[in-house]
Amino acid sequence: MMKFRWLSIVIIFVLAVSLLPQAPVVKAAPPTDFDRETPYVPGEVLVVFNEGQTSTAYASQASALAGDVNAQVVSRYNNLALLSFDESADVPALASQISASGKVKYAQPNYLFWLPEADGQLTGSLGSASAGDYVLVTPAGQTVTFTRDELLSMRRYVKSGSRWVQSAAFPNEVTSNMPVAAGFQQINADVVWNNTAASPAVCVVDTGVDGSNKDLSGKITNGYDFVNFDAVPNDDNGHGTHVAGIITAKSNSGSTTPIGVSNGKVVAVKSLHAQGWGTAFEVAAGINFCVDKKGSYNIKVINLSLASKNPSQVIYDALLRARNANIVIVAAAGNDSSSQLTYPAAWADATVLAPNSQPNAISDVTISVAASRQDPNPLPVWIDIDNDGAYADNEWFEGSECAAPFTNYGRTVTLVAPGSDIYSTTPSAYPFYRNYYEGLPASYGYLSGSSMAAAFVSGAAARYWSLFNTTYHNFVAAEVKEKLVETGRPLTYAIDPWETGEAAFDPSKGYNNDGFGEDPDVIPEIGTVVRAPYCWPKTGDDFTDGFGDSYNLNDFLLSSADNPFTADQDMSDAVYLDLAAAMERMLVLAGARDA
């Protein structure tokens with residue numbers, strides 16, 4: 001069963017040419033001896049020169065500097081240059097020495113960034129699971145349930161001249177009996193899917209995109225490949241193509257294919273290698289490319305489904321350029337099931353300082369996204385708040401919008417979106433890492449992660465921008481973030497203070513609508529999952545159960561000290577993405593009778 005709010009009324013080329021960046025000198029050989037705990041590339045220092053000079057001037061300065069410090073220039077883009085030393089060199093000391101030389105703006109280690117989704121950790125599959133019924137919730141709290149056949153029979157009427165023209169009310173992907181559009185529906189994108197206003201482009205800085213996938217054909221603009229330094233950013237991992245499909249896969253292309261949130265294009269920029277890592281140089285160059293090509297490709301959103309524990313100055317500066325260019329920045333919160341700060345997502349919170357303890361100037365356009373569960377048949381979650389091992393009415397919560405077991409959370413999170421078992425596009429034209437090593441299918445497959453959640457938000461930001469940015473009002477990026485937050489759905493707060501694990505319904509079993517388990521025949525088996533002893537955490541005393549009733553946590557705890565969550569982990573300021581509400585659209589159902 002899929003639950004949706006009763007939302008609102010849907011009465012509802014420019015030839016892109018891949019323009020090459022200023023040519024880098026030569027590509028460095030990729031290091032092979034680091035992992036996710038390695039902070040930066042051994043032996044590499046990233047140098048930043050003052051802006052406003054020519055490519056020739058930058059090349060000359062980089063060459064002269066390399067000679068002074070006995071290094072080699074291995075890569076360059078605009079005012080960025082990458083110097084290579086012996087791998088045993090003291091990189092932080094060299095960066096400090098070069099920064100103090102007066103010959104550069106600053107220098108830093110070449111920090112490593114990773115996909116939030118570690119190898120094999122979050123590859124999922126729902127097989128041929130049924131998508132279940134479609135349920136609307138009216139403003140009065142009543143529910144209206146439709147079968148898939150009933151959805152197929154519904155029609156949308158639009159007046160064209162003096163005639164009314166009918167079309168399908170929902171796309172094929174929504175009426176499919178597979179959960180291919182589950183996340184799409186959960187953010188109420190199905191309410192606005194046929195809005196014809198053209199969305200601006202989303203620049204996806206990732207592992208590249210395979211634009212030959214039939215659901216992405218004509219939807220992808222090749223940006224640049226900063227890993228191999230060419231104009232074709234092929235995806236040798238699979239992640240970037242999956243993200244791109246969530247954002248912009250074609251609608252109505254088939255009953256077993258995914259559907260994208262935006263009707264605009266994705267500009268593909270490859271800054272991450274096949275194994276899922278990239279460097280500060282590669283990521284910063286990718287972000288700067290998006291900013292430099294904003295006008296050429298109509299880029300309004302940058303999607304960054306990547307993370308580092310290091311607050312890199314060069315990444316922050318690139319994002320500041322994006323902010324000053326009026327671009328929305330969407331970043332994945334991470335998949336460590338913790339509230340630790342990861343960058344760039346942490347900069348969505350104004351209280352998280354910029355590098356060198358400077359004020360944060362990009363928080364107004366930066367959106368950090370955490371992942372919720374997304375089941376094809378969302379069922380309630382039981383959280384044993386009083387630790388007595390017994391079901392109680394107030395301990396059942398709406399499972400589909402609770403935290404995914406892996407997601408990061410806390411005060412830096414802006415929005416929550418679907419992130420579990422998301423169906424989307426994968427490369428189809430060539431082999432890729434996640435197919436060979438993890439079994440992710442070619443063409444289409446399921447992945448889980450805050451990366452997927454971020455892609456939903458990027459698509460929504462572009463879709464919202466298309467509707468309201470008019471000749472009468474030119475949006476600034478901060479307004480887009482503000483609107484998505486303002487119209488989001490409140491989260492459900494619930495915690496298991498004893499961290500005994502979480503009990504949830506087995507999706508293969510049913511449940512009793514009236515009593516959530518009064519009938520022993522439908523009480524599901526309880527399964528403990530990885531640490532996520534909460535729906536969403538809150539430091540205050542009050543929480544709301546799945547029926548909308550409020551309770552005081554101290555009614556169940558020995559003391560408020562039993563609440564394990566701190567202010568840094570509190571999710572009170574985050575909301576669940578609701579695209580239809582942001583676009584001020586709702587569904588109005590009307591039946592026709594024979595006069």
Side-chain angles (χ1 to χ4, degrees), residues 36 113-129 173 176 178-184 204-217 219-220 225 227 233-250 253-254 256-260 266 268 270-278 303 305-307 332 334-335 371 373-376 404-407 417-456 458-459 530:
R36 285 178 178 262
F113 286 75
W114 290 84
L115 295 174
E117 293 72 40
D119 287 356
Q121 177 187 9
L122 301 172
T123 300
S125 175
L126 296 181
S128 59
E173 294 84 358
S176 166
M178 284 183 65
V180 296
F184 181 85
V204 174
V205 181
D206 210 289
T207 61
V209 177
D210 177 14
S212 67
N213 183 297
K214 72 182 185 70
D215 267 85
L216 296 177
S217 177
K219 305 280 283 182
I220 306 300
D225 182 341
V227 173
N234 285 333
D235 181 10
D236 49 8
N237 176 277
H239 187 274
T241 305
H242 200 273
V243 165
I246 296 169
I247 296 171
T248 194
K250 293 179 180 178
S253 64
T256 59
T257 57
I259 182 172
V266 158
K270 182 174 177 62
S271 291
L272 304 180
H273 297 239
Q275 296 82 8
W277 59 268
N303 186 93
S305 292
L306 47 82
N335 299 329
R373 285 178 182 76
Q374 181 51 59
D375 305 316
F406 51 79
T407 191
S420 293
D421 289 311
I422 303 301
Y423 190 70
S424 187
T425 50
T426 60
S428 57
Y430 43 73
F432 57 100
Y433 183 91
R434 286 180 183 264
N435 173 259
Y436 186 82
Y437 289 102
E438 301 175 23
L440 181 66
S443 298
Y444 306 100
Y446 292 91
L447 283 177
S448 299
S450 57
S451 290
M452 287 66 246
F456 278 110
S458 290
V530 289

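For this chain, numbers begin at 1 and follow the sequence in order. What you are looking at is a predicted structure, and each value in this text was computed from that prediction instead of being measured.
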Value for CG (D235) from CZ (F432), rounded to nearest 0.5 Å, stands at 8.0 Å
CD1 of I422 to CZ of F456, rounded to nearest 0.5 Å, is 4.5 Å
Rounded to the nearest 0.5 angstrom, the OG-NE2 distance for S424 and H242 is 4.5 Å
Taken to the nearest 0.5 Å, the spacing of R434 CZ from N237 CG works out to 4.5 Å
Notebook entry, point to check: Can you tell me if D210 uses its side chain to pair, donor with acceptor, with the backbone of S428 under 3.5 Å?
Noted result: yes
Applying side chain to side chain donor-acceptor pair (under 3.5 Å) to N435 and not counting sequence neighbours gives none
Note to self: With a 3.5 Å distance limit and no angle check, can you tell me whether N303 reaches the backbone of S458 through a side-chain donor-acceptor pair?
What the structure shows: no
Modelled atom types, side-chain donor and acceptor of T425 and D215, under 3.5 Å:
no
> If we only count heavy atoms from C-beta on, is the K250 to S217 side-chain gap below 4.5 Å?
Replying inline: yes
Y444 meets the ring pair (Phe, Tyr, Trp, His ring centres under 6.0 Å) criterion, sequence neighbours left out, with none
ask   = Are the side chain of Y423 and the backbone of I259 linked by a donor-acceptor contact shorter than 3.5 Å?
value = no
Are the side chain of S450 and the backbone of G334 linked by a donor-acceptor contact shorter than 3.5 Å? yes
Handout entry: Side-chain (D225) to main-chain (N234) donor-acceptor, under 3.5 angstrom
Key = no
ask   = Taking the side chain from N213 and the backbone from S443, do they hold a donor-acceptor pair closer than 3.5 Å?
value = yes
Have H239 and S451 got a donor and an acceptor in their side chains that come within less than 3.5 Å? yes
Any non-hydrogen side-chain atom of M452 less than 4.5 Å from a side-chain atom of S420? no
The reported gap from CG in L306 to CG in D206 (rounded to nearest 0.5 angstrom) is 7.0 Å
Distance col, row W114:CH2 vs Q275:CD, nearest 0.5 angstrom, shows 8.0 Å
With no hydrogens and no angle check, is any side-chain donor or acceptor of K270 less than 3.5 Å from a backbone partner on L272?
yes
Close side-chain approach of K219 and V266, heavy atoms under 4.5 Å: no
